[in-house]
Structures are given as structure tokens and as C-alpha cells.
Colleague: 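Below is one structure. I have some questions about it.
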2 protein chains.
Amino acid sequence: MRDWPTGRLLSTASRLVEHAWLEALTALGLSHAGLIVLHLVDGGPATQVELAGLARVEAQTMSRTIERLEREGFIERHPDAADRRRRVVERTASGAAVFARARSIEAELFPEVDDLPGLRDALLDIIGSSGGGRWADGR
Amino acid sequence: MRDWPTGRLLSTASRLVEHAWLEALTALGLSHAGLIVLHLVDGGPATQVELAGLARVEAQTMSRTIERLEREGFIERHPDAADRRRRVVERTASGAAVFARARSIEAELFPEVDDLPGLRDALLDIIGSSGGGRWADGR
DNA sequence: TTCTAAAGATCAGCCGGCTGACTAATTCGG
DNA sequence: CCGAATTAGTCAGCCGGCTGATCTTTAGAA
């Protein structure tokens with residue numbers, strides 16, 4: 001496995017970390033993708049396109065993720081009076097509660113690694129350069 | 001995004017790198033998962049359970065991946081005479097050819113990063129510790 | 001020897017990425 | 001002011017992870 005190309009190591013590591021997470025998350029009725037959305041709307045309501053851009057995900061993917069969150073009662077969608085194409089996504093009280101609980105364990109489950117800041121920098125580099133113009137917004 | 005938990009950075013980076021790959025790979029009629037299998041059977045024929053273990057993937061997932069590779073004509077499955085539960089997976093000439101072409105570009109597409117060996121070590125660490133006994137074989 | 005447990009492979013069904021195609025609403029140019 | 005282009009959202013369908021259940025075959029124990 002030491003001979004594997006770096007990209008393959010990256011996706012394998014990612015999958016295994018996500019898997020380790022899954023149990024704790026499903027116990028809360030959440031999923032990985034859902035947690036990201038809860039995090040993003042923590043800063044206030046947003047439209048689906050905005051959320052997709054921030055999560056670096058296509059709008060169709062975000063649409064389904066939000067649909068599942070709504071089904072669980074963690075968020076609500078309200079039509080925007082000013083632009084009736086838009087649906088504004090908002091956290092519910094239940095969503096706020098589950099986010100508070102999930103957030104605390106999010107960092108704890110990540111395995112120990114020698115140079116954590118170095119790893120984070122490398123990942124941010126990769127995201128920046130590999131995003132290839134698809135995600136204009138850097139924030 | 002600098003505030004994101006490391007696990008989320010990891011999966012985001014992984015997805016973006018895979019996406020950058022997809023175009024080159026689909027042009028060859030291949031997929032990420034398929035390429036891994038072609039790499040693994042490069043060392044000789046193997047059973048599906050063996051391949052699943054080496055790729056760190058469940059047997060059901062490997063089953064479908066192999067099915068698609070077979071459909072494309074890149075591998076063949078033969079029943080094992082000694083143990084009729086087993087199906088031995090073998091590369092075809094076409095599979096060998098496409099692997100040779102894909103392999104050469106695999107490393108080239110990975111973005112530049114400062115401390116590549118450090119990154120690889122960190123990822124191997126994560127895979128090792130986060131595999132949590134699921135994948136006994138360390139090789 | 002027979003009968004049960006384990007192993008290899010698959011099926012069904014879920015989630016979360018993606019693309020392509022579509023609708024409804026808004027914006028903008030002539 | 002009206003029609004074309006753009007934008008927000010969704011639907012359909014694919015791939016690749018996963019779990020749980022099932023089937024056939026092999027191995028092992030009584």
C-alpha cells in the first residue's frame with residue numbers, strides 16, 4: 001500500500017474516516033452531508049445554491065441532502081417572497097440541538113496525526129488548486 | 001473554510017481530486033474503482049474477497065465494480081475448479097493495455113504539494129489507525 | 001457420516017457524489 | 001414591452017460506498 005499513488009491514499013483515508021464517523025452520526029439521525037449543511041446555516045439562513053457553493057457540491061446533490069434534513073425535521077424551507085425561484089433554508093430548534101451535540105464530537109473522532117497543521121495546509125492547498133475554477137468563491 | 005474540521009477537509013479534497021481525474025479516466029472507459037482493481041490484478045489473478053480486502057472495500061462493492069469491468073471487457077472471471085464458491089478474476093489483454101495508459105497519467109494529475117512524503121505518511125497513518133481492525137491485512 | 005457453521009458471491013436498498021435535461025421565475029437587451 | 005438568456009431548483013439515471021439478507025459450497029465437529 002505504500003506504493004499506492006497519493007490520490008488513492010487520499011480517497012481511502014477519507015472513506016475510512018467517514019466510516020468511523022457514521023455510527024456516532026446515525027445515532028443522532030444525521031449524516032456527514034447533513035452535518036455540513038447544519039454547520040453552514042449556523043451562520044444564518046441561506047439559499048440552496050449558496051449552500052451548494054459553500055459545501056463545494058453540485059446544486060442537485062445539495063437539493064437531496066436538504067430534502068433528507070427536512071424529512072428529519074432539522075431544517076425548514078421557506079419560499080423567498082422577493083424571488084420566488086428561491087427557497088430559503090433555515091435551521092429548526094431540533095436542528096440547532098443536534099448540531100450542538102454533533103459538533104462537539106466531530107473533532108474528537110479524528111485520529112491522531114503527527115503534523116496536524118501541516119496536513120491541514122496540504123489539504124487546503126489541494127482543495128484550492130484542484131477546485132479548478134469550479135468553485136469561484138474562496139470563502 | 002480554514003475553520004472546517006480536518007475530516008471534512010479530507011473528504012472534500014478527496015472528492016475534488018477524484019473529480020479532476022474522472023475526465024481522463026472516462027475517456028479510457030475506466031473509473032477510479034476499476035483502476036484500483038486493474039492495479040491489484042496486475043500482480044496476478046485473485047479472488048473477489050482478496051481484492052476487496054486489498055482495496056479496503058466491502059465484498060459487495062467489489063462485486064459490482066468487477067461486474068462493470070467485465071462488462072467493459074477489461075477483466076474476466078473464471079470459476080475456480082478447486083473451490084466452486086470462488087470466482088478468479090483475471091486481466092484481459094485489453095485490461096492490461098488500458099492499465100498501462102492510465103497508470104502513466106495517475107501520478108501526473110495530482111496537484112503539487114509542499115511536503116509530499118509528509119502528506120503520504122499522514123494518510124497512511126490515518127488509514128492504519130482508522131481502519132479499526134476492519135482490514136486485518138496490512139499489506 | 002451427517003449436520004451445522006463458515007466463507008464466497010450476490011441481491012436489495014440506502015446515502016452521497018456526479019451529469020444531463022427540464023420547469024419556473026427573473027433579468028436584460030433590443 | 002417582449003422575448004431570449006440566465007438562474008434556482010428538481011428529476012432521472014449512473015457510479016461507488018455501505019448494511020442486511022440470501023444462496024451455494026466448503027470445512028469441521030459430533
Side-chain angles (χ1 to χ4, degrees), chain A residues 8 11-23 25-27 29-37 46-53 55-72 77-89 131-132 134-136, chain B residues 8 11-23 25-27 29-37 46-53 55-72 77-89 131-132 134-136:
Chain A
R8 205 179 303 174
S11 54
T12 302
S14 165
R15 261 192 313 110
L16 294 184
V17 167
E18 278 191 40
H19 186 267
W21 258 80
L22 221 154
E23 194 183 352
L25 242 39
T26 48
L30 258 186
S31 78
H32 217 87
L35 178 58
I36 296 177
V37 173
T47 68
Q48 303 192 178
V49 163
E50 286 169 352
L51 293 174
R56 264 70 182 167
V57 149
E58 294 301 324
Q60 301 92 313
T61 298
M62 183 52 70
S63 184
R64 282 190 314 188
T65 299
I66 290 174
E67 182 190 331
R68 286 187 274 263
L69 276 175
E70 192 175 38
R71 191 197 307 158
E72 296 292 327
R77 281 187 284 200
H78 305 290
D80 183 345
D83 185 340
R84 290 181 359 255
R85 290 171 304 181
R86 294 198 175 113
R87 306 182 71 179
V88 177
V89 177
R134 201 154 58 115
W135 313 114
Chain B
R8 206 179 301 173
S11 53
T12 302
S14 164
R15 262 191 314 110
L16 294 184
V17 167
E18 277 191 40
H19 186 267
W21 258 82
L22 222 154
E23 195 183 353
L25 242 39
T26 49
L30 258 185
S31 77
H32 218 86
L35 177 59
I36 296 178
V37 173
T47 69
Q48 304 193 176
V49 163
E50 286 168 354
L51 293 174
R56 263 70 181 168
V57 149
E58 295 301 322
Q60 301 93 312
T61 298
M62 183 52 71
S63 184
R64 282 191 313 188
T65 299
I66 289 174
E67 182 190 330
R68 286 186 274 262
L69 276 175
E70 192 175 39
R71 191 196 307 158
E72 296 293 326
R77 281 187 284 200
H78 306 290
D80 184 345
D83 184 342
R84 291 180 359 252
R85 289 171 304 181
R86 294 199 175 110
R87 306 182 70 178
V88 176
V89 177
R134 205 156 55 119
W135 313 113

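Chain letters run A, B, ... following the sequence lines, proteins first, then strands; residues in each count from 1. Side-chain atoms are counted along with the backbone in the values below, which use heavy atoms only and exclude waters and symmetry mates.
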Colleague: Ignoring hydrogens and geometry beyond distance, is the side chain of A:Arg64 in donor-acceptor contact with the base of D:dG9 at under 3.5 Å?
Modeller: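 Checked by distance alone, the answer is no.
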Colleague: Check A:Ser11 against B:His32 and note the closest heavy-atom contact, atom names and distance.
Modeller: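 Heavy atoms only, the tightest pair is OG-NE2, 4.0 Å.
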Colleague: Looking at the base of D:dG16, is there any donor atom on it, or on the side chain of B:Glu18, that sits under 3.5 Å from an acceptor on the other one?
Modeller: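 Looking at the base of D:dG16, it does not pair with any donor or acceptor on the side chain of B:Glu18 (distance under 3.5 Å).
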Colleague: Run the side-chain contact (heavy atoms from CB on, under 4.5 Å) test on B:Val57 and A:Arg15 for me, step by step, so that the C-alpha distance in whole Å, both residues' side-chain angles and the decisive distance to 0.1 Å come before the verdict.
Modeller: CA-CA 9 Å; B:Val57 149; A:Arg15 261 192 313 110; 3.8 Å; yes
Colleague: Which atom pair, heavy atoms only, marks the closest approach of A:Glu50 to A:Thr47?
Modeller: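 So the minimum-distance heavy-atom pair works out to OE1-N, 3.0 Å.
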Colleague: Looking at every heavy atom in both A:Ser31 and A:Leu25, which two are closest together, and how far apart are they?
Modeller: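 Result for this residue pair: C-CD2, 3.7 Å.
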Colleague: Has A:His19 got a side-chain N or O lying under 4.0 Å from the OP1 or OP2 atom of D:dT19?
Modeller: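 Yes, within the criterion.
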Colleague: Working to the nearest 0.5 Å, report the span between CG of A:Leu51 and OG1 of A:Thr61.
Modeller: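 With rounding to 0.5 Å, CG (A:Leu51) is 13.0 Å from OG1 (A:Thr61).
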Colleague: With respect to the side chain of A:Ala33, which nucleotide from C:dT19, C:dG16, D:dG9 is positioned closest?
Modeller: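 From the listed options, C:dG16 comes nearest.
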Colleague: Just compare C:dT19, D:dT19, C:dA9 and give me whichever is closest to any side-chain atom of B:Glu58.
Modeller: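 Closest nucleotide to the B:Glu58 side chain: D:dT19.
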Colleague: Looking only at side-chain atoms of B:Arg85, point me to the closest of C:dC18, C:dA7, D:dC15.
Modeller: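 Nearest to the side chain of B:Arg85 among the choices is C:dA7.
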Colleague: Taking the side chain of A:Arg87 as heavy atoms from C-beta outward, which of D:dT26, C:dC18, D:dG9 is closest to it?
Modeller: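 So the nucleotide nearest the side chain must be D:dG9.
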Colleague: A:Asp83 CG to C:dC28 P: how many Å, rounded?
Modeller: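 In whole Å, C:dC28 P lies 12 Å from A:Asp83 CG.
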Colleague: Respond yes when some side-chain nitrogen or oxygen of B:Arg15 is under 4.0 Å from OP1 or OP2 of D:dG17, and no when none is.
Modeller: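 For D:dG17, neither OP1 nor OP2 has a side-chain N or O of B:Arg15 closer than 4.0 Å.
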Colleague: In this structure, how many angstroms lie between the P atom of D:dG17 and the CZ atom of A:Arg8, rounded?
Modeller: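 So the CZ-P distance, A:Arg8 to D:dG17, works out to 11 Å.
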Colleague: Please state whether the phosphate of C:dG8, meaning OP1 or OP2, lies under 4.0 angstrom from any side-chain nitrogen or oxygen of B:Arg84.
Modeller: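 For C:dG8, neither OP1 nor OP2 has a side-chain N or O of B:Arg84 closer than 4.0 Å.
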Colleague: Between D:dG9, C:dG16, C:dA21, which one does the side chain of A:Thr61 approach most closely?
Modeller: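 Among the listed nucleotides, the one closest to the side chain of A:Thr61 is C:dG16.
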Colleague: With a non-hydrogen cut-off below 4.0 angstrom, is B:Gln48 in contact with a base, only sugar-phosphate, or nothing?
Modeller: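 It contacts sugar-phosphate atoms only.
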Colleague: Check whether any side-chain nitrogen or oxygen of B:Arg68 sits under 4.0 Å from OP1 or OP2 of D:dG16, and answer yes or no.
Modeller: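 So the side chain of B:Arg68 is within the cut-off, an N or O lying under 4.0 Å from OP1 or OP2 of D:dG16.
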Colleague: Taking the nucleotide of DNA chain C with the nearest heavy atom to each, does B:Glu50 or A:Leu30 sit closer to the 5' end?
Modeller: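 In this pair, the answer is B:Glu50.
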Colleague: Round to a whole Å and report the spacing from NE2 of B:His32 to C1' of C:dC18.
Modeller: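 Result: 14 Å.
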Colleague: Does the C:dG8 base have a donor-acceptor partner in the side chain of B:Gln60 within less than 3.5 Å?
Modeller: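 Flag unset: no donor-acceptor pair detected.
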Colleague: Please step through side-chain contact (heavy atoms from CB on, under 4.5 Å) for the pair B:Arg64 and B:Arg68, ending with a clear verdict.
Modeller: CA-CA 6 Å; B:Arg64 282 191 313 188; B:Arg68 286 186 274 262; 3.9 Å; yes
Colleague: Please give, in whole Å, the distance from D:dC14 P to B:Glu67 CD?
Modeller: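 Checked: the CD to P distance equals 13 Å.
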Colleague: Between D:dG16, D:dT10, C:dT10, spot the one nearest the side chain of A:Ser63, thanks.
Modeller: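 When the side chain of A:Ser63 is considered, D:dT10 is the closest of D:dG16, D:dT10, C:dT10.
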Colleague: Any idea which of D:dG17, D:dA21, D:dA8 is nearest the A:Arg86 side chain?
Modeller: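 The answer is D:dA8, which lies nearest to the side chain.
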Colleague: Please report, rounded to the nearest Å, how far the P atom of C:dT19 is from the CE atom of A:Met62.
Modeller: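 Value for this atom pair: 15 Å.
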Colleague: Of the options D:dT10, D:dG9, C:dC11, whose atoms approach the side-chain atoms of A:Val49 most closely?
Modeller: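 So the nucleotide nearest the side chain must be D:dG9.
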Colleague: Grab the CG-C1' distance between A:Leu69 and D:dG9 for me, whole Å please.
Modeller: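 Result: 17 Å.
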Colleague: Looking only at side-chain atoms of B:Ser31, point me to the closest of D:dT25, D:dC15, C:dC18.
Modeller: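 For B:Ser31, the side-chain atoms sit closest to D:dC15.
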Colleague: Just how far, in rounded Å, is P of C:dC18 from CH2 of B:Trp21?
Modeller: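 That distance rounds to 18 Å.
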Colleague: Roughly how many Å is it from CG in A:Asp80 to C1' in C:dA24, rounded to a whole number?
Modeller: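 So the two atoms are 15 Å apart, to the nearest Å.
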